[in-house]
Structures are given as structure tokens and as C-alpha cells.
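For this chain, numbers begin at 1 and follow the sequence in order.
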Amino acid sequence: MKGLGSGYLGLGLVFVMTIVLGLGLVWVNIERVDLAYELKTLERELQEKRDQHSKLQVERQYLLAPPTLRARAEGAGLRPPHRDQIRTLQE
């Protein structure tokens with residue numbers, strides 16, 4: 001009788017360990033999928049930031065171009081200085 005009881009106990013332990021390991025495996029797979037989604041989101045965000053950076057670089061170059069600066073200065077009422085408005089420093 002004693003051997004039969006320990007056999008059921010061992011079988012029960014194996015069953016419980018199998019359930020625990022199975023649940024652990026499922027949890028690891030869920031975490032892996034979550035990390036894959038998060039990685040994909042971060043990669044997409046990085047690409048959007050790179051695209052935005054490129055667009056801002058193009059806009060910066062456009063705004064700093066001499067024709068654009070000249071047009072904006074004329075729009076603000078700025079003109080080239082007259083000769084009498086220019087002063088030079090003597091050493």
C-alpha cells in the first residue's frame with residue numbers, strides 16, 4: 001500500500017511540474033511576442049524621426065539659402081545700407 005501511494009504522489013508531482021513548465025513556456029512566448037511588437041513600434045518611430053530629420057534639414061537649407069533670405073529681408077523692409085551708413089573700425 002505504501003508503494004502505491006508514493007506512485008500516485010510522484011505521478012501528481014510530474015503532472016504539476018508539467019503544468020508549471022507549460023505555463024512558463026506560454027508566458028515566455030507571450031513576452032517574446034510583446035517584445036517583438038514593441039521592437040516593431042520603436043523601429044517605426046525611429047524611421048519617422050529620421051524622415052522628420054531629413055525634412056527639417058531640407059527646410060533649414062531652404063531657409064538659409066541667399067535668395068530666401070533676400071526675399072524675407074525685403075519683405076521685412078530691410079535694404080542694403082547706403083555708403084554713409086557703413087562704418088569701419090580703425091586699429
A.B. asks: How would you list, by chain and number, every residue that makes a side-chain contact (heavy atoms from CB on, under 4.5 Å) with L35, sequence neighbours excluded?
C.D. replies: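 Counting only residues at least two positions away or on another chain, L35 forms a side-chain contact (heavy atoms from CB on, under 4.5 Å) with E38.
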A.B. asks: Got Y37 and V33 here, is their nearest side-chain heavy-atom distance under 4.5 Å?
C.D. replies: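 Side chain of Y37 against side chain of V33, heavy atoms only: contact under 4.5 Å found.
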A.B. asks: What is the distance from atom OG1 of T88 to atom CD of Q90, rounded to the nearest 0.5 Å?
C.D. replies: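 If I round to the nearest 0.5 Å, the distance is 5.0 Å.
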A.B. asks: Quick check for you: to the nearest 0.5 Å, what is the distance between D34 atom CG and N29 atom CG?
C.D. replies: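 Output value for this atom pair is 11.0 Å.
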A.B. asks: Remaining members of V16's ILVMFWY cluster at a side-chain heavy-atom cut-off under 4.5 Å?
C.D. replies: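 Joined to V16, directly or through intermediates: V20.
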A.B. asks: Donor-acceptor pair, Q85 side chain versus H82 backbone, under 3.5 Å?
C.D. replies: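 Flag set: sc Q85 to bb H82 pair under 3.5 Å.
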A.B. asks: Under 3.5 Å, which donor-acceptor pairs link side chains of residues 49-66 to any protein atom two or more places apart or in another chain?
C.D. replies:
{"from": "D51", "atom 1": "OD1", "to": "Q47", "atom 2": "NE2", "distance (Å)": "3.1"}
{"from": "S54", "atom 1": "OG", "to": "R50", "atom 2": "O", "distance (Å)": "3.1"}

A.B. asks: From S6 OG over to L11 CG, what is the distance, rounded to the nearest 0.5 angstrom?
C.D. replies: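 Nearest 0.5 Å value for the OG-CG distance: 11.0 Å.
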A.B. asks: Could you measure the distance from the CD1 atom of I30 to the CG atom of L23? Nearest 0.5 Å is fine.
C.D. replies: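 I30 atom CD1 to L23 atom CG measures 9.5 Å (nearest 0.5 Å).
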